[in-house]
> 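Quick one: structure below, then a few questions.
In what follows, chains are A, B, ... by sequence order, proteins preceding strands, each numbered from 1.
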Amino acid sequence: MISQLRLRQRNAVIRAVRLFFEERDYLESDTPLRLPVLAPELWIEPLTSGTHFLQTSPELCMKRLVAAGNAKLFQISPCFRKGERGRLHLPEFSMLEWYRTGIDYMDLIEECEDLVKGVVLECGGSPLFPDLAGRFPLDISFARLTVAEAFARYARCSVEEALSEDCYEEVLVDEVEPNLGVGGQPTFLYDYPAALASLARLKQEDSSVAERFELYCDGIELANGFSELVDPIEQRRRFENERRAIVAAGREPGPMPEKFLAALDDMPEAAGIALGLDRLVMVLAGAASIDEVVCFVPEDL
Amino acid sequence: MLNASDLRKGLKILLDGDPYIITKFDFSKPGKGQSLYKCRLRNMINGNSTDRTFRSNDKFEKAPLEERSMQYLYSQGDEFHFMDTNTYEQLFLTREQIAENVNYLIDNMEATVLFFNETPIDITLPIFVELAVIQADPWVKGDTSGTDTKPVTVETGYVLQVPPFIEVGDKIQIDTRTGEYITRVKE
């Protein structure tokens with residue numbers, strides 16, 4: 001069970017997050033947690049709830065709200081993913097997700113940096129976070145590194161080699177991630193290989209990469225964002241590929257998200273991001289594990 | 001068959017034909033990527049440790065291990081002989097397999113012998129054993145040298161630190177996990 005200090009720290013971070021979005025005129029949504037249809041994703045297994053699934057992310061519902069004319073939207077909601085349990089993983093965790101129309105992933109990188117710095121500034125003045133200002137200096141810009149640059153700098157092989165030799169995840173986790181966002185300077189990793197972005201737009205100048213980024217603090221992945229793919233035909237093609245891969249892995253693919261695909265027709269250019277809220281609390285509080293910053297872990301219940 | 005999602009600290013699996021115990025376990029999953037199950041494994045036959053990373057589609061077999069309650073009989077050279085108290089079957093383990101347990105083994109002691117494919121590979125002793133002190137410096141009352149322990153030798157030949165009041169002939173309780181003195185046993 002969470003300690004009193006960690007619960008107070010968690011409250012302070014969530015309050016600061018809401019304050020940030022309120023000041024920027026975002027609306028808060030609360031889409032349903034039980035869904036009949038999910039985005040097909042090979043490496044994310046959903047949990048079921050009666051005839052429905054528990055959401056693995058609020059992405060599809062939030063994008064339908066964006067397509068319906070809500071230009072700035074944020075949400076804090078629990079997400080559920082089967083079998084994910086470790087120092088940084090819980091099968092039920094809190095996601096902060098936000099979307100904004102008329103911007104691309106580079107603008108969203110700026111806004112994400114503003115959010116983290118805004119929360120650090122807000123919480124840093126509180127006695128609950130005595131050493132925060134020292135650990136996260138606000139006058140330093142976050143680092144920006146393409147995935148290709150990061151592999152060239154830290155890994156034994158290039159990102160193309162890692163993908164073709166089927167060891168991308170191992171190299172990323174063992175060799176690249178531990179170097180990202182260390183020493184008080186969070187790092188944005190961006191321009192992901194096109195194969196690693198199911199819902200992101202490809203870069204116009206270079207279609208081998210997708211306009212996707214992740215934020216790292218202390219080697220911990222905090223957020224994943226991208227310029228949204230708003231082409232329903234291309235999105236359907238990617239979902240079909242993903243569903244075939246799910247079948248090949250011996251699992252049952254859910255139904256095609258038809259209502260989402262129909263809504264994409266009306267979706268303006270936008271960028272969106274999902275940030276692990278528990279991990280943000282963990283990093284700002286200096287906790288050693290996600291277990292410390294949630295009220296209960298499954299093993300407590 | 002076990003799946004990668006069954007892996008956890010303490011699980012004993014068969015790997016490349018040998019039994020391994022997972023001594024450290026870490027789950028990781030890079031964004032939008034597949035799950036990785038990082039394990040440190042100790043070979044239960046030779047004690048060597050190795051690091052391996054598994055993926056969600058990897059499959060495992062449980063190590064075919066069996067524990068039997070046995071009685072220690074005697075040692076001859078580097079062979080330590082045990083008897084199954086149910087079947088009276090006798091067998092031996094080597095000094096290497098007995099390792100530091102040699103410090104606590106006395107005739108007729110109960111032990112749990114671990115078998116891999118019908119071959120004994122390891123023993124587990126009771127957590128607490130009682131051994132007689134056979135050599136100790138006398139306790140000088142009012143000793144002001146400042147030391148609060150002294151070395152003694154027990155019947156197995158093992159030397160350990162104990163409080164100064166322990167004397168030859170005393171029985172003491174020892175924790176076999178740490179090799180440390182626990183208490184003097186009242187006869």
> Tell me, out of A:H89, A:E41, A:R87, A:E221, who's got the most heavy-atom pairs with chain B below 4.5 Å.
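Counting heavy-atom pairs under 4.5 Å, the top option is A:H89.
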> Are B:Y37 and B:F27 an aromatic pair by the rule of ring centers under 6.0 Å?
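Judged by ring-centre distance (under 6.0 Å), B:Y37 and B:F27 do meet the cut-off.
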> Pick one of side chain, backbone, both or neither for A:E177, based on which atoms fall under 4.5 Å of a heavy atom in chain B.
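Contact with chain B is through the side chain of A:E177 alone.
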> Hey, which of B:G31, B:S56, B:S5 has the most heavy atom pairs under 4.5 Å with chain A?
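Ranked by heavy-atom pairs under 4.5 Å with chain A, first place is B:G31.
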> What's the verdict on side-chain hydrogen bond (donor to acceptor under 3.5 Å, both in side chains) for A:N241 and A:R238, showing C-alpha distance, side-chain angles and the deciding distance?
CA-CA 5 Å; A:N241 283 343; A:R238 291 196 200 170; over 6 Å; no
> Please state whether the side chain, the backbone, both or neither of A:L88 comes within less than 4.5 Å of a heavy atom of chain B.
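Nothing of A:L88, per the 4.5 Å heavy-atom cut-off to chain B.
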> I want to check something: taking the side chain as every heavy atom from C-beta on, are B:Y181 and B:P163 in contact at a cut-off of under 4.5 Å?
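Side-chain contact under 4.5 Å: yes.
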> Need one label for B:T53: side chain, backbone, both or neither, based on atoms under 4.5 Å from any heavy atom in chain A.
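Side chain only.
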> Using the salt bridge (Lys or Arg N to Asp or Glu O under 4.0 Å) rule, pick out the option among A:R212, A:K63, A:R201 that qualifies with A:E228.
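Checked A:R212, A:K63, A:R201 against A:E228; only one passes salt bridge (Lys or Arg N to Asp or Glu O under 4.0 Å): A:K63.
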> Could you look at A:E214 and say if it's the side chain, the backbone, both or neither that has a heavy atom under 4.5 Å from chain B?
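Only the side chain of A:E214 comes within 4.5 Å of chain B.
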> To the nearest 0.5 Å, what is the distance between CZ (B:R42) and CG (B:N48)?
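The distance works out to 10.5 Å.
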> So for atom CD, which belongs to A:E234, do other residues, nucleotides or ligands contribute more than 12 heavy atoms lying within a distance under 6.0 Å?
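Result for CD/A:E234: enclosed.
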> Please classify the contact between A:E169 and chain B as side chain, backbone, both or neither, with a heavy-atom cut-off of under 4.5 Å.
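Both backbone and side chain of A:E169 come within 4.5 Å of chain B.
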